[in-house]
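Heads up: the structure comes next, in structure tokens.
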Amino acid sequence: MNNTAPKVSVVMPIYNAEPYLEQALDSVLAQTLKDIEVVCVNDGSKDNSLQTMQRYASNDSRIKIIDKPNGGYGHAMNVGMSNATGEYVGILEPDDYLKPDMFEKLYNRAIQDDLDFVRSDYYRLTTDDNGVDHLEKEPICNKSSYYNKTLNPQDNVDLFNIRMENWTGIYKRSWLNEHDIKFNESPGAGFQDNGFWFQSYCWATKIAILDEAFYCYRQDNAASSINQSNKVFVMLDEYQWIEQWLKSNPALCQKFIGIFEYKKTHNCEFAFSRLAEEFQLPFLERYAAEYKQAFDNNEIDEKLFWPDELKRLKNIVADPEAYVNGLRSCKDIKSDLDLAREKGKMAVFSYYLKKEGLASALKRGISSLCR
């Protein structure tokens with residue numbers, strides 16, 4: 001590599017990534033943009049990940065290895081970014097991979113308008129039983145008018161509704177340093193992408209979203225339940241960290257506290273959906289207490305919410321236990337009805353007779369016969 005700074009530094013936070021690491025490294029080294037560096041941060045891996053990095057580094061001088069004790073995803077990312085020397089910084093998770101032209105196209109768009117960051121659509125990656133990869137394009141924005149133009153989040157908080165997948169983009173390194181944009185260094189890997197995403201939109205004045213997909217994001221157990229007590233509050237903890245950061249910047253807080261509280265509901269509801277039942281009420285009790293305080297402080301911008309979103313939030317704040325019980329009741333009813341449907345029409349008739357009475361059962365039975 002020449003002595004000038006590379007165009008893009010690609011930070012790879014790596015912890016026990018041996019099964020997929022070679023595919024990830026192959027994809028980044030095959031980029032059509034050759035003027036890159038790859039900052040591999042070995043976060044205390046216990047498998048052969050470090051040896052794989054070293055083998056690749058011996059054949060390609062663009063790879064820089066940082067070997068350190070385990071400190072979690074946020075710490076690994078911060079170490080990687082602080083050791084990056086590129087004009088822009090990208091992210092590659094070690095179990096994912098990239099299309100060859102990703103950084104060339106992102107970089108060319110970034111320098112065209114001197115962007116703070118540029119992001120793109122991505123691919124959901126699944127592997128079938130035969131080991132064949134399947135890719136499905138996933139848009140990060142539901143408004144076509146936002147694609148392929150220069151945008152300013154300072155003038156339009158709706159841009160915060162663009163999905164947060166940080167690894168779909170590249171970020172101007174001097175801008176990251178100027179605003180001290182970093183990841184929360186909480187333990188393990190627990191939604192630290194939220195803090196980086198929120199800071200980036202609060203500080204950005206020039207961004208772009210491309211309607212092409214380059215990043216191949218591996219889907220494994222994203223929908224699995226959280227059954228460990230030490231993982232229950234990680235999303236709430238992340239948003240507590242973001243809120244502390246936001247309130248340490250009064251001008252930003254005045255402008256963005258409303259969108260912060262709105263986006264917090266979306267991401268906390270996602271976290272809630274993954275909780276085992278035994279942890280749902282403790283999570284919502286803390287969530288409700290935090291939002292009661294936000295309402296009391298006039299930090300909720302109700303205009304940002306859809307009516308059903310606002311109603312749900314107010315119901316949780318009013319009585320989190322009743323909300324949880326209501327969810328479970330609906331789940332039980334649906335389960336009983338599904339079982340009845342499996343047994344046939346008479347079982348469905350009996351279900352509605354018990355739940356809703358004879359008139360409703362007869363009406364539903366006649367309706368089903370007429371279909």
Side-chain angles (χ1 to χ4, degrees), residues 1 6-68 70 72-73 76-77 79-81 83-84 86 88-107 119-138 140 165-170 188-189 192-193 210 212-224:
M1 185 181 294
K7 291 181 170 65
V8 175
S9 295
V10 186
V11 176
M12 295 184 65
I14 298 167
Y15 177 72
N16 292 349
E18 186 178 358
Y20 305 111
L21 185 54
E22 289 189 359
Q23 186 179 31
L25 287 169
D26 286 340
S27 75
V28 71
L29 296 176
Q31 290 292 298
T32 55
L33 181 66
K34 300 302 180 185
D35 190 5
I36 64 173
E37 69 173 353
V38 183
V39 183
C40 295
V41 182
N42 182 48
D43 193 33
S45 296
K46 296 178 174 60
D47 61 3
N48 292 316
S49 294
L50 178 59
Q51 290 84 345
T52 300
M53 294 177 232
Q54 292 170 334
R55 175 162 49 84
Y56 272 76
S58 67
N59 294 314
D60 197 316
S61 62
R62 294 177 296 173
I63 296 179
K64 177 191 297 184
I65 299 174
I66 301 167
D67 185 23
K68 70 176 193 67
N70 181 259
Y73 179 86
M77 280 302 308
V79 168
M81 290 193 301
N83 281 273
Y88 281 80
V89 177
I91 303 167
L92 174 57
E93 309 283 356
D95 50 353
D96 303 329
Y97 64 86
L98 314 172
K99 292 294 186 180
D101 56 348
M102 176 171 176
F103 291 124
E104 181 176 16
K105 289 193 173 179
L106 291 179
Y107 178 79
R119 289 185 175 136
S120 61
D121 292 339
Y122 68 99
Y123 290 106
R124 289 185 178 274
L125 163 65
T126 56
T127 304
D128 64 24
D129 293 338
N130 297 318
V132 177
D133 287 348
H134 299 275
L135 300 176
E136 180 181 355
K137 187 179 178 184
E138 185 76 18
I140 65 169
E165 281 79 0
N166 299 316
W167 25 258
T168 66
I170 58 173
Q192 294 98 334
D193 52 343
L210 303 188
E212 294 183 78
F214 310 103
Y215 193 100
C216 303
Y217 170 64
R218 191 176 303 277
Q219 296 288 105
D220 46 14
N221 62 342
S224 62

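Counting only heavy atoms from C-beta outward, the side chains of S120 and E212 never approach each other to under 4.5 Å. A heavy-atom distance below 4.5 Å is not found between the side chains of M81 and V39. Side-chain atoms of D193 and W167, non-hydrogen and from C-beta on, never get closer than 4.5 Å to each other. Contact annotation: the side chain of D133 approaches that of Y97 to within less than 4.5 Å [non-hydrogen atoms, C-beta and beyond].
Taking NZ from K34 and CD from E104, the interatomic distance works out to 9.5 Å, rounded to the nearest 0.5 Å. Taken to the nearest 0.5 Å, the CD atom of Q23 stands 10.0 Å off from the CG atom of L98. In this structure, CG on L25 lies 6.0 Å from CD1 on I14, to the nearest 0.5 angstrom. Of the inter-residue distances, the one linking N42 atom CG with L50 atom CG reads 4.5 Å to the nearest 0.5 angstrom. The CD atom of Q219 sits 8.0 Å away from the OG1 atom of T126 when rounded to the nearest 0.5 Å. One finds the CG atom of L135 at 4.5 Å from the SG atom of C216 (value rounded to the nearest 0.5 Å).
By the side chain to side chain donor-acceptor pair (under 3.5 Å) test, Y15 pairs with no residue at all, sequence neighbours left out. A search for salt bridge (Lys or Arg N to Asp or Glu O under 4.0 Å) contacts involving E165 returns R163, not counting sequence neighbours. For the salt bridge (Lys or Arg N to Asp or Glu O under 4.0 Å) test, no residue two or more places apart in sequence or in another chain qualifies with E18. With sequence neighbours excluded, no residue forms a ring-ring contact (aromatic ring centres under 6.0 Å, His included) with F103. By the side chain to side chain donor-acceptor pair (under 3.5 Å) test, D60 is found to be paired with R62, residues two or more places apart in sequence or in another chain being considered.
Without hydrogens or angle criteria, D121 side chain to I140 main chain gives a donor-acceptor distance under 3.5 Å. With N70 contributing its side chain and D43 its backbone, the two residues share a donor-acceptor pair below 3.5 Å. Between the side chain of D128 and the main chain of N130, a donor-acceptor pair closer than 3.5 Å is present. Checked by atom type and distance alone, the side chain of K105 never pairs as donor or acceptor with a backbone atom of L210 at under 3.5 Å. The main-chain N or O of Y20 is never found under 3.5 Å from a side-chain atom of D95 such that the two would form a donor-acceptor pair. Looking at Q31, its side chain does come within 3.5 Å of a backbone N or O of K99 through a donor-acceptor pair.
Of all heavy-atom pairs spanning S49 and A17, the tightest one is OG-N, 2.9 Å. The nearest pair of heavy atoms linking K68 to V41 is CE-CG1, 3.9 Å. S9 approaches G86 most closely through the heavy-atom pair OG-N, 2.7 Å. Smallest separation of non-hydrogen atoms from P94 and A24: O-CB, 3.5 Å. Closest approach of L92 and S27 over heavy atoms only: CD2-OG, 4.3 Å.
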query: Between D47 and T52, is a side chain to side chain contact (heavy atoms under 4.5 Å, CB included) present by the stated rule, with each step listed?
result: CA-CA 10 Å; D47 61 3; T52 300; over 6 Å; no
task: Might you work through the side chain to side chain contact (heavy atoms under 4.5 Å, CB included) test for L21 and M53, ending with a clear yes or no?
output: CA-CA 8 Å; L21 185 54; M53 294 177 232; 4.1 Å; yes
- request: Start with the C-alpha gap between C40 and M12, add the side-chain angles, then the distance that decides, and say whether side chain to side chain contact (heavy atoms under 4.5 Å, CB included) holds.
  value: CA-CA 5 Å; C40 295; M12 295 184 65; 4.3 Å; yes
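A donor-acceptor contact closer than 3.5 angstrom links the side chains of E93 and Y73.
No option in D96, T168, V10, N166 other than N166 meets the side chain to side chain contact (heavy atoms under 4.5 Å, CB included) test with I91.
Ring pair Y217/Y122 is perpendicular by interplanar angle, where above 60° counts as perpendicular and below 30° as parallel.
Residue pairs meeting the salt bridge (charged side-chain N to carboxylate O under 4.0 Å, His left out) criterion with at least one partner in residues 19-30, sequence neighbours excluded, are E22-R55.
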